[in-house]
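A quick note: this is a predicted structure, and the numbers were derived from the prediction, not measured.
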There are 2 protein chains.
Amino acid sequence: MAEKKSEKKSKYDQRYKAAVDAAAAVFAEKSYHGCGTTDIAHKLNIKQGSLYYYFKSKEAALEAVCLMGITEQANFLAELISKELSFAENIKAITQFSLKSLRENGDYIVVFNNDRKSIPLERRGKVREQSHNYHLMLMDIFRTGQEKGEIKAELDILISVRAYTGLLSSASKWYHSEPTIDLAAVLNQFSEMFLNGAIK
Amino acid sequence: MAEKKSEKKSKYDQRYKAAVDAAAAVFAEKSYHGCGTTDIAHKLNIKQGSLYYYFKSKEAALEAVCLMGITEQANFLAELISKELSFAENIKAITQFSLKSLRENGDYIVVFNNDRKSIPLERRGKVREQSHNYHLMLMDIFRTGQEKGEIKAELDILISVRAYTGLLSSASKWYHSEPTIDLAAVLNQFSEMFLNGAIK
DNA sequence: AACTTTTTCTATAAATCTATAGAATATATT
DNA sequence: AATATATTCTATAGATTTATAGAAAAAGTT
């Protein structure tokens, strides 16, 4: 009976996850305001009205997608920090994880990057918290790197963090449409360029 | 009479420019699909229906904004190339011009970056042409830089260009909300990081 | 098989949004 | 001043969208 209950629950959960996936895919392709709930329902093979069995509102779907996108990244950062690696190793690890996430959960990251501002203020709390947290952890990694003398002393840490996150998030714009480009090549070059620069 | 005619024409042109500015501001703030024509009209201090005296459609307004955003950048690149500077000088000049444009015409660039995909296919021609052109010119600058031995030989040019444009376009996400940060500081650090890297 | 719960469907209310047409007002010209 | 032109307004048609309510169907339970 406990087994049956958990099976039942997991059936709903599976379907709920499929709904969030569908929302992520549609939001990523057309943007939150650029799509209708019909599009999401169609991708799930159900009718528009049925979607509200899983989401209280379209906004709730957006929140779920964004939260999942940033939470995965934040959790990874927290784990990474506990390992106390060098700055260069941290950058390589973060770049690798980000690009792998882009390939496996690209829609979530794209939606977080592009549409998180469309979450209404009263619902934005959790997403803001996670992304603020992510930012703080990155700042921490950079600050530590500079204190240890790994990062050039003259660099402003905030600008550096912004530049690095910008580099990563920009990858989400083209990575998906260029399957030719090899993941490892991008990874190596991003890390190399960011750490050591483009010129000799 | 010729003077009066041109004055008249320029009155319409002034107002048309104000309309495009208003559209850019609203699109940048709420995104193309996230706003209504009412928002644009309100910013212009006219009623919603009056907007159609200046734009045939909302989509036409979007096209005008995007085209202006990318054209300015493309024109600058074309001029720059004719000067035949070194790679490092080119990067500094492009970074400087981009950040200056961001400050002065930020809305146009934000809209081009975020919403150009919302231009319907049949209207996208001119914008695509200009942005393809921009990409080709950047590729050219990087290729030349590598041939002259300024860029590390092992770097893939396409990935480098993507990384650099990503760095620039990401600035449009935060520069606006952080008036504390000095333009010159960002400029120097962006160029420095991209050229020489973050670590010692 | 009868019953309960879960999931999906149909139909629709209510709000919103783009675009148009024709009236009204302002501005320029003769 | 009378007339023409340019600009804005009002009102609205028509399409679309989100969300809800209650019926129907599917799945699970006893």
Side-chain angles (χ1 to χ4, degrees), chain A residues 1-23 26-27 29-65 111 115 118-123, chain B residues 1-23 26-27 29-65 111 115 118-123:
Chain A
M1 180 143 162
E3 200 188 59
K4 283 180 186 174
K5 253 187 189 169
S6 76
E7 257 187 341
K8 203 178 209 171
K9 195 187 166 198
S10 106
K11 206 136 214 183
Y12 173 86
D13 285 351
Q14 269 180 260
R15 201 82 180 111
Y16 175 76
K17 171 138 194 331
V20 183
D21 279 346
V26 172
F27 291 161
E29 191 195 339
K30 299 191 170 191
S31 92
Y32 175 72
H33 288 294
C35 75
T37 48
T38 305
D39 298 315
I40 304 173
H42 185 256
K43 181 147 282 190
L44 262 177
N45 274 54
I46 60 176
K47 303 290 169 171
Q48 183 265 338
S50 308
L51 206 61
Y52 287 77
Y53 181 67
Y54 295 103
F55 299 119
K56 206 194 85 186
S57 66
K58 192 187 173 192
E59 284 157 355
L62 177 61
E63 191 201 357
V65 172
V111 174
D115 287 329
S118 297
I119 304 173
L121 286 168
E122 68 270 21
R123 295 196 81 117
Chain B
M1 180 143 161
E3 202 187 57
K4 282 179 185 175
K5 253 187 190 169
S6 76
E7 256 186 342
K8 202 178 210 172
K9 195 188 167 199
S10 106
K11 206 136 213 183
Y12 172 86
D13 286 352
Q14 267 180 260
R15 202 81 180 112
Y16 174 76
K17 172 137 194 332
V20 182
D21 279 346
V26 173
F27 291 160
E29 191 194 338
K30 300 193 169 189
S31 91
Y32 175 72
H33 288 294
C35 76
T37 47
T38 305
D39 299 313
I40 305 173
H42 185 256
K43 181 146 285 192
L44 261 176
N45 274 55
I46 59 177
K47 304 290 170 173
Q48 184 265 336
S50 309
L51 206 61
Y52 288 76
Y53 181 67
Y54 296 102
F55 298 121
K56 207 194 84 186
S57 66
K58 193 186 173 193
E59 285 158 354
L62 177 62
E63 191 201 356
V65 172
V111 175
D115 287 329
S118 297
I119 304 173
L121 287 168
E122 68 270 20
R123 294 196 81 118

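- Distances were taken from every side-chain heavy atom of Ile46(B) (C-beta onward) to each of dC9(C), dT8(D), dG28(D); the shortest belongs to dT8(D).
- What separates CD of Gln48(A) from C1' of dC9(C) is a distance of 11 Å, to the nearest Å.
- Protein atom CG of Leu51(A) is 17 Å distant from nucleotide atom P of dA21(D), rounded to whole Å.
- Ring geometry, Tyr53(A) versus Tyr12(A): the interplanar angle exceeds 60°, so the pair is classed perpendicular (tilted spans 30 to 60°).
- Distance CD1 (Ile40(A)) to P (dA19(D)): 10 Å, rounded to an integer number of Å.
- For the pair Phe55(A) CZ and dT20(D) P, the computed distance is 15 Å after rounding to whole Å.
- Atom CZ of Arg15(B) and atom P of dT27(C) are 11 Å apart (whole Å).
- Across the protein-nucleic acid pair, Lys47(A) atom NZ and dT18(D) atom P stand 17 Å apart, rounded to whole Å.
- When rounded to the nearest whole Å, the span between OH of Tyr54(B) and C1' of dC9(D) equals 13 Å.
- Counting non-hydrogen atoms under 4.0 angstrom, Gly36(A) reaches the backbone sugars and phosphates but no base.
- Among the nucleotides dA19(C), dA19(D), dT7(C), the one closest to the side chain of Tyr12(A) is dT7(C).
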task = Could you please spell out the steps behind the side-chain contact (heavy atoms from CB on, under 4.5 Å) verdict for Lys43(B) and Cys35(B)?
result = CA-CA 12 Å; Lys43(B) 181 146 285 192; Cys35(B) 76; over 6 Å; no
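- Between Tyr52(A) and dT20(D) there is no side-chain N or O to OP1 or OP2 distance below 4.0 Å.
- Of the side-chain N and O atoms in Tyr53(A), one or more sit less than 4.0 angstrom from OP1 or OP2 of dT7(C).
- Looking at Thr38(B) and Gln48(B), their side chains never bring a donor and an acceptor atom within 3.5 Å of each other.
- With contacts defined as side-chain heavy-atom distances shorter than 4.5 Å, the pair Tyr32(B)/Val111(B) does not qualify.
- Between His42(B) atom NE2 and dT8(D) atom P the separation is 16 Å, expressed in whole Å.
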